[in-house]
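So you know, we letter chains A, B, ... as the sequences are listed, proteins then strands, and number each from 1. Only this structure's heavy atoms are used, side chains among them; waters, hydrogens and symmetry mates stay out. Nothing here was measured: the structure is a model prediction, and the numbers come from that model.
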Amino acid sequence: MTPKANHNEEDIELFKRYQETKILDENGKLVKADVKLRNDLAERNAKLVTFVINKFYNKKQRHKELRNDLLQEGHLGLFDAIDGFKPELGFKFSTYATWWIRQSVNSYLLDEEPILHIPSHIRTARNKLFNLTKERAIAFKDISRDMLEELNITEKMFASVAAAVKTKSWNVQSIDEPLSSSMDRTLRDIIPSKDSELSTKVDSKRILVAAKKAFSNLTLREKCVLLERYGIDCSQILKKEGVK
Amino acid sequence: MNSKYITIEEGEDYRTIAAKMTAFGYKMNHATARNILLSGMHKFMQHISESLGKQLTEEECNTLVMRQDIHEVLGDILPLCALEETTSCPVVK
C-alpha cells in the first residue's frame, strides 16, 4: 500500500507557497528558499522515505545493515525532491520524490561498494549478461557473438564486463586500511616509495645493515626486552637460541 | 626532545615485559626491565655509530636514549632486525 502523501489541498498549497519563496540563479539552480517551510514539507513526507526503503531495500543483508544510513540518504533525496517538485504539473509528490529518494540511496550504495569502482553502464551490461547466462544455463565464457548482438552489447563492452567480473576474484585491499586490527600502520606506510633519491636509499640501507649488526651484538636478554618493548614476540629468537 | 618518561604507542609496559621475561627464565622486575632496555639501547646506539664511522660519546648516547623520537625510530628498525634473526635469509643484502 502506498503512503498517502500530498493528496490533500493543504500539502499542494504548502508546495506552492514553498515555490514562491525559492530564489533561483540564472542556471535555474536553487540559491535561497524558506528553510522552515521545506523542513515542514520534509516532516510531512518523511514516511515516504521509510516506505521506499522498506519496499526496495529490504532483501539484501547489506541493505539491512545499512538501513539507518539509507534512511538518512533517502531524506537527503527527499529534500532534493521538495526543491524540484512542481505542483502545477499535476503529478503526485510521491511519484516524483520516489525517484529522487531511490537515486540518492543508489548513489550512496555505489559509493559504499567495493574498492574497485565499476561504472554503471558496465554494471548494467553485466547484469544483462548474467541474466542471459541464467536463462540459457551457460557459462559466462560461453557467451557467443550472436548473443551479444541480441543484447546490443559490443565486443569491447563485453571485454570490459569480463574484466569487471574478474576483479571480483581479486583480493583487493585499500591502501589506507590498517594492516591488522591492533596496528595503526597501513599498507601505505610500508610500501617503498619510488620517488626517494638514491642517496637516501643507500643511507637507509647502510643504517639498516648497521642496525642489524648492532642488534646481533646484544645479549639475548637485551634483545628480548627491546623487542618486547615494541610488542614484538621474542619467543622465536629464544627458541632459535635453545631457550625453552 | 628529552623527557623523563617515554611512551610508545604499540608495545608493552615494563611490568608486562618483566613478567614475560621472568616466564622465559630471566627473572626481573619492572625497574630491571627498564634498566636493561636503556642499557641495551645504549649499546645498540654505540654499535650503530661505530658501524657508520661516527663514534658517539657516553654522554651523547645517554641523551639519545632518552629521546622520544629515537624510541619511535627504533620501533621501525627493530622488527627488521628481529626478522633476520629468526629467518635464515637476510632481509637486506
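Separating the CD1 atom in B:I36 from the CG atom in A:L226 is a distance of 10.0 Å, to the nearest 0.5 Å. Atom-to-atom distance recorded for B:L37:CG and A:C224:SG is 12.5 Å, nearest 0.5 angstrom. Note that CZ of B:F24 is 10.0 Å distant from CG of A:L220, once rounded to the nearest 0.5 Å. Atom SG of B:C81 and atom NZ of A:K213 lie 13.5 Å apart (nearest 0.5 Å).
Without hydrogens or angle criteria, A:Y230 side chain to B:H71 main chain gives a donor-acceptor distance under 3.5 Å.
The local environment of CD in B:E59 is sparse, with at most 12 non-hydrogen atoms from other residues, nucleotides or ligands closer than 6.0 Å. The environment of A:R221 atom CZ is sparse: at most 12 non-hydrogen atoms of other residues, nucleotides or ligands sit within 6.0 angstrom.
The shortest heavy-atom contact between B:L80 and A:K212 is O-CE, 3.9 Å.
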Which atom pairs, donor and acceptor, lie under 3.5 Å between side-chain atoms of residues 44-53 of chain B and protein residues at least two apart or in another chain?
unit_1 : atom_1 : unit_2 : atom_2 : d
B:Q46  : NE2    : B:E58  : OE2    : 3.2
B:S49  : OG     : B:M45  : O      : 3.2
B:S49  : OG     : B:Q46  : O      : 2.8
B:S49  : OG     : B:K54  : O      : 3.3
B:S51  : OG     : B:H47  : O      : 3.0

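Only the side chain of A:I232 comes within contact range of chain B, judged by heavy atoms closer than 4.5 Å.
Using a 4.5 Å cut-off on side-chain heavy atoms (C-beta onward), A:V225 and B:M28 make contact. Two residues are said to be in side-chain contact when any heavy atoms from C-beta on lie closer than 4.5 Å; A:E228 and B:Y14 fail this criterion.
Salt bridge B:E12/A:R229: absent, no basic N to carboxylate O contact under 4.0 Å.
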